[in-house]
Amino acid sequence: MAQSTSPDDADRRRAFYKRIADQDLTPLWEVLSAIITRQPKSDCVPNLWRYETAREYLMEAGELITAREAERRVLILENPGLRGTSRVTTSLYAGLQLVLPGEVAPAHRHSQSALRFIVEGSGGHTAVDGERTPMEVGDFVITPPWTFHDHGNHTSDPMIWLDGLDIPIVSFFDASFAEGHPDDEQPVTRGAGDSQARFGANMLPVDYDSRSPVSPVFNYPYARTREALETMRRQDEWDPCHGLKMRYINPNTGGFAMPTIATFMQLLPKGFETAPYRATDATVFAVVEGNGVTVVDGVEMAWGPKDIFVAPSWKWITHRVDDDAVLFSFSDRVAQQKLGLWREERGKPE
Ligand code: GTQ
């Protein structure tokens, strides 16, 4: 039952708060319900970035600064509710990166994990651990924490991809380290396709025994992903909330491909309308194929190929699609699951 506070009590309390503030103490009861909320409460809002618009500005940035000078020529996708914080969701960073023909984004490494989801171009490369992987539209490429990586484009067209990094998570833990490589491009020590052959062919080297939380496969090519979805659709029942949804894995553990960022690819067949779904992992979606509308917390976002949109934590989400649609997505689900925090709910709002 609510008790009334006399003006006298209120004055005494205020005076008390002031006195203890000098000792770096503060009363929990004034903030408890704000810091331990009954439901997730976030400044992150639903938002859509139209590729066509973002691309124009990205190409303009291409005339303003070189990849070498910028180190990474990226336009950050900043959540409208989190402006000034370089965040797409509370826990994740996203940006669109451009590497023009003939350019190199110089080698460096950092504690942050990075993913690339290729949006435009064909045959540019990312080098990781001495291996260059060519990048094609729809490929999902990872850069594990503290591995040197450089990006190059020896083709005649721009390469553009979506970067996803766990920058806010690493900042939260005050665990960021970074350094440059002495050379712009790290030496190539392994042939293209080496990690795919060694770890991505449903086999592992016989004595391979790594407890690493990072996948040894660093390119998950779209051609294989798409073919898998197409083959499965003949057999699978469509999940009411997800259509046909797969997660990218570390073949050595069966866990997610990255230690902090979970990644997914889903197929929604022409005309499909999903049932409402919500989960505690705010999610970034990148459209690979198709057109549709996603409604998040009552906000309608109409999308087409290459558009990017975001759904905050614990808001009801539905998709309806006009034609066969393929959506890549990433979130902090893997981190939340390790910490015992992740929740999901299917059904109807209220
Ligand atoms: O390609 O290494 O979007 O270090 C932000 C930071 C990309 C990268 C980003 C980075 C990179």
Side-chain angles (χ1 to χ4, degrees), residues 49 51 54-55 57-62 64-79 82-100 103-121 124-135 139-154 158-173 175-186 214-215 218-220 257-261 263 284 286 306 308 310 328 330-332:
W49 289 266
Y51 182 65
R55 185 190 191 280
Y57 290 120
L58 193 54
M59 294 309 291
E60 202 177 320
L64 287 176
I65 192 163
T66 63
R68 184 173 271 102
E69 193 190 349
E71 189 162 332
R72 295 296 183 265
R73 190 203 289 112
V74 176
L75 293 183
I76 301 173
L77 304 179
E78 201 163 58
N79 191 286
L82 303 167
R83 293 308 307 274
T85 66
S86 306
R87 296 171 186 207
V88 67
T89 67
T90 307
S91 64
L92 295 173
Y93 158 103
L96 281 169
Q97 178 158 179
L98 167 67
V99 181
L100 287 167
E103 283 192 322
V104 168
H108 69 192
R109 63 177 174 177
H110 38 68
S111 336
Q112 289 80 0
S113 295
L115 70 84
R116 332 279 166 200
F117 187 70
I118 317 311
V119 182
E120 184 181 320
H125 66 264
T126 283
V128 172
D129 263 347
E131 180 181 336
R132 285 184 180 177
T133 189
M135 301 190 284
D139 288 2
F140 158 56
V141 176
I142 63 178
T143 309
W146 209 242
T147 50
F148 281 111
H149 51 285
D150 46 275
H151 315 300
N153 182 0
H154 301 308
M159 285 295 308
I160 299 176
W161 60 82
L162 173 67
D163 282 322
L165 283 89
D166 56 4
I167 293 170
I169 297 177
V170 176
S171 299
F172 178 76
F173 289 112
S176 177
F177 293 90
E179 65 184 17
H181 191 277
D183 310 310
D184 275 355
E185 295 186 279
Q186 64 184 292
V214 186
S215 174
F218 74 107
N219 189 347
Y220 297 73
M258 304 171 72
T260 48
I261 310 180
T263 50
V284 179
K306 303 186 189 299
I308 295 154
V310 61
F328 172 80
F330 68 92
S331 78
D332 64 11

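Order of listing sets the numbers, starting from 1, for every ligand and every atom in it.
- I142 has its side chain within reach of S215: a pair of non-hydrogen atoms, C-beta onward, lies under 4.5 Å apart.
- The distance from ligand 1 to the heavy atoms of Q97 drops below 4.0 Å at these ligand atoms: 1 (O), 7 (C).
- At the top of the distance list for atom 8 (C) of ligand 1, counting protein heavy atoms only, stands R72 NE, 2.9 Å.
- Those atoms of ligand 1 with a heavy atom of V74 less than 4.0 angstrom away are 3 (O).
- In terms of protein heavy-atom proximity, atom 6 (C) of ligand 1 is closest to L165 CD2, 3.9 Å.
- In the vicinity of H151, heavy-atom distances shorter than 4.0 Å reach the ligand 1 atoms 1 (O), 8 (C).
- The aromatic rings of W161 and H151 stand perpendicular to each other, their planes meeting at an angle above 60°, with 30° marking the opposite boundary.
- At least one heavy atom of H108 sits under 4.0 Å from some atom of ligand 1.
- P259 is listed as a side-chain neighbour of V214, based on a closest heavy-atom distance under 4.5 Å.
- The pair R109-E179 counts as a salt bridge, with a side-chain nitrogen and a carboxylate oxygen less than 4.0 angstrom apart.
- In this structure the side chain of I169 reaches within 4.5 angstrom of the side chain of L92, judged on heavy atoms.
- Residue E71 does not touch ligand 1, judged by heavy-atom distances below 4.0 Å.
- Among protein heavy atoms, the minimum distance from atom 7 (C) of ligand 1 is reached at D163 OD2, 3.2 Å.
- The nearest heavy-atom contact from the protein to atom 5 (C) of ligand 1 is Y93 OH, 3.4 Å.
- Side-chain polar atoms of Y51 and E120 form a donor-acceptor pair below 3.5 angstrom.
- If you check the side chains of H108 and H149, you find a donor sitting under 3.5 Å from an acceptor.
- Residue contacts with ligand 1 do not include Q112, since none of its heavy atoms lies under 4.0 Å from the ligand.
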